[in-house]
Amino acid sequence: MELSTRYAPSETESKWYEHWEKLGYFRSEPDDREPFTIVIPPPNVTGVLHMGHMLNNTIQDILIRKARLDGKNACWVPGTDHASIATEAKVVRWLREEKNLRKGDLTREAFLEYAYQWKEKYGGIILSQLRKLGASCDWDRTAFTMDKGYYEDVIRVFVDLYGKNKLYRGQRMVNWDPAAKTVLSNEEVIYTDEQSRLFHIRYNLEGDSNSGIVIATQRPETIFADVAICVHPNDPRYKDLVGKNVLIPLINRPIPVIADDYVDVEFGTGALKITPAHDPNDYEIGLRYGLPIIDTIDDDGRINDACTYQPIVGMDRFDARKQMETALEESGSLVKIEEYTTSIGRSERTNAVVEPKLSLQWFVKMTDLRGPAVTAVEDRDIRFYPDSMKNMYRSWMDGLRDWCVSRQLWWGHRIPAWYLKEDARGKETFIFVAQNEEEAVAKARIETGNSALTAADLRQDEDVLDTWASSWLWPISVFDGFNKPDGEIKYYYPTNVLVTAPEIIFFWVARMIMAGYEYMGEKPFQHVYFTGIVRDAKRRKMSKSLGNSPDPLDIIAEHGADAVRYGMLSCSAAGNDVLFDMKMVENGRNFANKLWNALRLVKGWEVTETPENESIERNNALAVRWMREKINKTLLSLESDFNSFRLSEAMVGLYGFIWDDFCAWYLEMIKPGYEKPIDRVTYEATLDIFGDLMVMLHPFMPFITEEIWHQLRERAQGEDCMIQPYPKASSVDEALVFQVETAKDVIANVRDLRNQYQIKPKEVLTVAIQDSASARALYAQAGLREMVEKLAITSSLEFVETEQPNSRSFIAGTENYYVELNLTIDVVAERAKLEQELEYERGFVRSVEGKLSNERFVANAKAEIVEAERKKLSDGQARIKILEESLAKLG
RNA sequence: GGGAGUUUAGCUCAGUUGGUUCAGAGCAGCUGCCUUACAAGCAGCGGGUCGGCGGUUCGAAUCCGUCAACUCCCACCA
């Protein structure tokens with residue numbers, strides 16, 4: 001078999017992915033096994049794979065593959081989110097650019113038809129991209145938040161919450177996006193500091209144009225919606241004015257001066273204009289004092305005719321502001337303009353400046369749903385990684401406000417509320433909330449007492465629901481939990497892990513928890529792993545506009561999915577940002593190549609059934625045993641890393657283990673001499689070990705491990721790496737490990753000496769090895785065959801290697817550098833070395849004894865930790881004993 | 001304004017209720033090697049008063065106090 005010195009991932013990866021999928025390894029059905037469930041955070045149906053998805057889905061795939069290898073019934077449910085506002089915006093643009101159509105010219109039905117067309121054509125690209133990454137999702141379960149069943153679930157929950165009086169329609173001050181003409185949640189508004197100007201405007205006292213009051217505002221165009229001026233009750237400047245009327249400039253409408261301690265005396269002029277329709281705080285104050293509301297701004301951000309100052313009616317609010325500057329200047333009401341930095345809220349989607357606006361919307365009473373969701377996280381029934389995220393969660397839950405779930409869009413779940421057409425415009429005194437039109441009519445007949453009512457008499461609410469009002473049901477709906485509460489959901493729910501980005505903890509995570517308790521009476525997941533944000537090496541957030549975000553598919557095409565997975569993970573820990581660096585991907589690629597070459601080495605050996613040299617066989621057996629013990633140790637630490645979701649550590653640890661211990665030491669130890677065969681027993685053991693390592697590494701680098709697994713041996717049909725049982729750790733023979741590790745140290749020392757004295761080919765090196773135990777180990781491991789017995793009995797010896805040593809590279813590193821070693825035991829030096837080691841060990845034992853004699857430690861520590869400390873102590877004592885015996889032997 | 005977090009090598013970070021498997025890893029840097037699996041490799045090297053100060057302790061990177069710098073979240077901003 002000729003194998004290239006470079007591993008070529010591209011063909012291998014598609015080959016194995018197809019193979020796995022064909023054999024149905026990704027599929028899951030309920031059975032006797034323990035389930036391990038992950039529901040994907042559904043990407044927007046409009047989405048294309050970006051680096052954040054790569055990170056997030058790599059982590060999920062690692063967890064799922066590990067669970068599968070552990071023998072669990074692993075189920076990873078994929079799917080997409082309809083993402084109402086984001087998708088609608090895309091469709092609107094597509095219609096304009098491709099079809100020359102405007103949303104305003106289309107009926108709702110026609111628009112939705114186009115939207116579905118768009119979705120069929122462009123939606124869900126991301127799911128096929130995930131396959132390139134190796135994601136082992138159960139594709140048969142692919143869900144979409146607007147699938148028929150899912151849609152019905154969302155409506156059912158709306159009806160249910162309404163019936164339970166946990167959902168209501170009400171007027172509220174909301175964040176309004178004038179570009180998209182829809183309401184936005186607080187979370188969809190991005191605040192940034194921007195330069196603004198503070199207009200100081202004089203309002204004259206009614207009936208006395210010589211006195212008045214100066215207010216400061218950023219929004220002079222809203223003064224025609226003013227209904228009062230508010231000052232602080234203790235402000236001496238304005239005491240006399242309270243209770244009197246002042247006149248709004250330009251239109252001279254009188255408004256009262258009132259006093260409220262909301263006003264900050266220090267800010268601006270200490271006088272605040274009250275504009276309830278256009279400011280949330282003003283709205284509150286207006287309510288408190290029973291002030292009227294004048295709304296002068298339309299849904300699209302233009303000044304409407306409620307404004308009695310005609311010149312600005314019909315203008316956009318920003319144009320109106322400019323106009324007002326001139327008008328006020330001319331009328332002499334403008335005292336001054338102050339430069340001012342303030343934070344301005346913009347729509348996350350359209351970037352339009354958000355307008356506070358009063359409107360009729362639907363709200364979920366969050367406080368009614370909060371209780372169990374708070375305690376679950378507080379009591380760690382649901383665990384967060386990193387743990388500190390629960391503080392953030394807690395503070396948000398404490399300040400919960402009702403959730404506005406209506407959106408003025410067409411793409412989404414239409415609100416299942418019907419109104420009587422005959423109601424006076426805008427009154428809508430009768431509301432019928434029902435699963436469908438038929439039920440709404442039935443309800444309407446009962447409630448109105450008019451049994452002749454038909455669907456034609458009703459009008460359905462035009463709005464749709466917030467995207468999150470569907471995705472909060474994701475872990476339930478994807479298993480059809482509403483319709484079949486005794487079906488699959490019983491098996492898969494609660495899911496095990498949710499892997500998600502920290503920025504949607506409130507949007508999504510918290511709400512899923514609430515929905516879980518409300519509808520399943522149980523948490524939706526046990527663990528929540530928060531990934532970091534993917535940034536570039538300079539800590540800048542990856543973004544299209546900066547051009548610092550590589551296309552993940554390009555990187556996969558160039559270096560392979562395994563390398564990208566390695567790269568993503570090797571710079572990430574839960575909650576830490578990922579500083580993505582191509583260097584790390586290259587490391588992953590190099591690692592794949594290293595594995596590949598280890599395969600080439602092993603498969604290149606000729607195998608003999610009749611070994612010629614018994615001592616080689618013995619030494620190889622020792623190497624195999626040592627490797628097995630090291631695998632045990634590695635498995636133990638892997639297990640603990642997985643249990644605490646320290647995936648990066650797990651992978652990097654495995655990387656070091658395979659590279660150093662397996663490749664650099666084990667393979668070198670057993671490597672037969674030039675053109676010599678290896679004995680069958682060692683060879684077979686090595687294939688087994690190599691195979692085990694591939695299974696261990698499989699969750700992280702699924703493709704190359706599968707490939708090597710198959711190259712190692714002929715495998716039966718279906719005997720694939722990804723469904724093997726994960727190796728189990730057993731207890732570790734520390735003594736054996738200690739012995740060989742010591743030998744490694746000695747060998748490394750010999751190497752040092754060679755470099756230090758720059759030994760040339762065929763030259764003789766005389767080294768003093770200061771510890772006979774090490775020298776014996778060196779003998780055993782490095783192929784210095786003949787002298788071990790002598791070593792034990794003499795304090796001085798001379799050894800000349802006559803043939804090329806078996807493990808050349810340990811000693812000389814190259815064929816030309818095989819050296820003749822002249823070993824001398826220096827008794828004095830050895831004693832000093834031993835005494836030094838003894839002193840160190842005694843110090844160690846003292847410190848552990850100190851720890852164990854600390855009553856507080858013993859009382860509070862977990863039993864296993866105390867046990868581990870005791871073991872350390874006895875190990876230390878054992879080492880002391882060995883050292884003392886060696887010293888005694890020296891006499 | 002309220003809350004959370006971070007500060008360990010040039011960079012990114014580990015460091016699991018205080019001790020000697022603890023001062024670490026990877027990357028970067030430097031030196032020497034095309035050698036028989038791998039130059040995408042091998043063998044080495046240098047580099048940190050664990051942010052400052054104070055305290056508790058037999059013992060502190062680890063606990064407490066304080067100061068400093070940075071990051072994030074929430075709220076408000078006429």
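Reminder, nothing fancy here: chain letters follow the sequence lines and each chain counts from 1.
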Margin query: To the nearest 0.5 Å, what is the distance between CZ on A/Arg202 and CD1 on A/Ile215?
Written below: 12.5 Å

Margin query: Considering every strand and a 4.0 Å limit on heavy-atom distances, what is the contact class for A/Val263: base, sugar-phosphate, or nothing?
Written below: base

Margin query: Rounded to whole Å, how long is the line connecting atom CD1 of A/Ile504 with atom P of B/C74?
Written below: 14 Å

Next item on the list: Mind calculating the distance between CZ (A/Phe591) and C1' (B/G26) to the nearest angstrom?
Entry: 14 Å

Notebook entry, point to check: For the pair made of CG in A/Leu595 and P in B/G41, what is the distance, rounded to whole Å?
Noted result: 12 Å

Check: Base, sugar-phosphate, or nothing for A/Asn587, non-hydrogen atoms under 4.0 angstrom?
Finding: sugar-phosphate

Next item on the list: Would you mind reading off the distance between A/Asn597 atom CG and B/U35 atom C1', rounded to a whole angstrom?
Entry: 14 Å

Check: Contact class for A/Tyr566 vs. all strands (heavy atom < 4.0 Å): base, sugar-phosphate, or nothing?
Finding: nothing

Checklist line | Inter-nucleotide C1' distance (B/A69, B/G51), Å rounded | finding: 8 Å

Margin query: Rounding to an integer number of Å, can you tell me how far A/Phe657 CZ sits from B/G26 P?
Written below: 16 Å

Check: Which whole-number value in Å describes the distance from A/Asp398 CG to B/A75 P?
Finding: 13 Å

Margin query: Heavy atoms only, 4.0 Å cut-off, all strands: where does A/Phe199 land among base, sugar-phosphate and nothing?
Written below: nothing

Checklist line | N/O (side chain, A/Asn590) to phosphate O (OP1/OP2, B/G41) under 4.0 Å | finding: yes

Next item on the list: Could you tell me whether A/Arg535 contacts a base, only the sugar-phosphate backbone, or nothing, with contacts defined as non-hydrogen atoms closer than 4.0 Å?
Entry: nothing

Note to self: Could you tell me how far apart A/Phe530 (CZ) and B/C73 (P) are, to the nearest whole angstrom?
What the structure shows: 14 Å

Check: What one-letter contact string describes nucleotides 4-10 of chain B from 5' to 3', where B marks a base within less than 4.0 Å of any protein heavy atom, S marks contact via sugar-phosphate atoms alone, and - marks no contact?
Finding: S------

Note to self: Is there a side-chain contact (heavy atoms from CB on, under 4.5 Å) between A/Ile658 and A/Phe591? Walk through the geometry before answering.
What the structure shows: CA-CA 9 Å; A/Ile658 292 176; A/Phe591 184 40; 4.0 Å; yes

Note to self: Quick check on side chain to side chain contact (heavy atoms under 4.5 Å, CB included): which of A/Thr269, A/Ile248, A/Leu334, A/Val214 does A/Ile201 satisfy it with?
What the structure shows: A/Leu334

Margin query: Regarding A/Ile215, tell me which of base, sugar-phosphate or nothing describes its non-hydrogen contacts under 4.0 Å with the strands shown.
Written below: nothing

Notebook entry, point to check: Mind checking the P distance from B/A43 to B/C58? Whole angstroms is fine.
Noted result: 47 Å

Margin query: Suppose you measure atom C1' in B/U20 against the same atom in B/A60; what distance do you get, rounded to whole Å?
Written below: 15 Å

Notebook entry, point to check: Atom OH of A/Tyr238 and atom SG of A/Cys230: how far apart are they, to the nearest 0.5 Å?
Noted result: 12.0 Å

Margin query: Applying a 4.0 Å non-hydrogen cut-off, can you work out what A/Arg6 is touching in the nucleic acid: base, sugar-phosphate, or nothing?
Written below: base

Notebook entry, point to check: Quick one: on RNA chain B, does A/Ser395 or A/Trp605 contact a more 5' nucleotide (nearest heavy atom)?
Noted result: A/Ser395

Check: Of all the choices, B/A40, B/C76, B/C13, which nucleotide is nearest to the side chain of A/Tyr262 once you look at every atom?
Finding: B/C76

Next item on the list: Give the dot-bracket string for RNA chain B, reading 5' to 3', where a pair is Watson-Crick or G-U wobble with both distances under 3.5 Å, ( ) marks pairs inside the strand, [ ] marks pairs crossing earlier ones, | marks a partner on another strand, and . marks unpaired.
Entry: (((((((..((((.....[....)))).(((((.......))))).....(((((..]....))))))))))))....

Next item on the list: Test ring pair (Phe, Tyr, Trp, His ring centres under 6.0 Å) on A/Tyr655 and A/Tyr566 and set out the steps.
Entry: CA-CA 10 Å; A/Tyr655 169 91; A/Tyr566 178 92; 5.3 Å; yes

Notebook entry, point to check: Base, sugar-phosphate, or nothing: which does A/Thr217 touch, judged by heavy atoms less than 4.0 Å apart?
Noted result: sugar-phosphate

Next item on the list: Identify whether any heavy atom of A/Trp659 sits under 4.0 Å from a base atom; if not, whether one sits that close to sugar-phosphate; answer base, sugar-phosphate or nothing.
Entry: sugar-phosphate

Check: Which whole number of Å gives the distance between the P atom of B/U56 and that of B/C70?
Finding: 32 Å

Notebook entry, point to check: Whole Å only: how far is the CG atom of A/Asp536 from the C1' atom of B/U12?
Noted result: 13 Å

Notebook entry, point to check: Rounded to the nearest 0.5 Å, what separation is found between the OG1 atom of A/Thr531 and the CG atom of A/Asp577?
Noted result: 9.0 Å

Notebook entry, point to check: When all nucleic acid strands are considered with a 4.0 Å heavy-atom cut-off, which category describes A/Leu599: base, sugar-phosphate, or nothing?
Noted result: nothing

Notebook entry, point to check: If every non-hydrogen atom of A/Asp226 is compared with every non-hydrogen atom of A/Ile294, which pair is closest and at what distance?
Noted result: O-CD1, 4.3 Å

Note to self: Which nucleotide wins on minimum distance to the side chain of A/Arg646, given the candidates B/C76, B/U16, B/U20?
What the structure shows: B/U16

Next item on the list: Check every strand shown and say whether A/Cys663 touches a base, only sugar-phosphate, or nothing at a heavy-atom separation below 4.0 Å.
Entry: base

Item checked: Inter-nucleotide P distance (B/C27, B/C45), Å rounded -> 15 Å

Next item on the list: Kindly compute the distance separating CG (A/Leu667) from CG (A/Asp661), expressed to the nearest 0.5 Å.
Entry: 11.0 Å

Next item on the list: Drop me the distance from A/Gln877's CD to A/Glu849's CD, to the nearest 0.5 angstrom.
Entry: 6.0 Å

Check: Is the A/Tyr7 ring parallel, tilted or perpendicular to the A/Trp596 ring (thresholds 30°, 60°)?
Finding: tilted

Note to self: On RNA chain B, does the nearest nucleotide to A/Arg539 precede the nearest nucleotide to A/Lys583 from the 5' side, or the other way round? Give the residue.
What the structure shows: A/Arg539

Check: Would A/Asp581 and A/Lys583 pass as an ion pair if we require N to O under 4.0 Å?
Finding: no

Item checked: B/U62 to B/G2 separation - P atoms, rounded to the nearest Å -> 28 Å

Next item on the list: Look at all strands and tell whether A/Lys594 reaches a base, only sugar-phosphate, or nothing, counting heavy atoms closer than 4.0 Å.
Entry: base

Notebook entry, point to check: B/A40, B/C27, B/C73: which one has an atom nearest the side-chain heavy atoms of A/Met584?
Noted result: B/C27

Checklist line | Between B/A9 and B/G5 - P atom distance, rounded Å | finding: 22 Å

Notebook entry, point to check: Among A/Val257, A/Asp279, A/Val227, A/Ile229, which one satisfies side chain to side chain contact (heavy atoms under 4.5 Å, CB included) with A/Ile274?
Noted result: A/Val227

Check: In whole Å, what separates the C1' atom of B/C50 from that of B/U7?
Finding: 10 Å

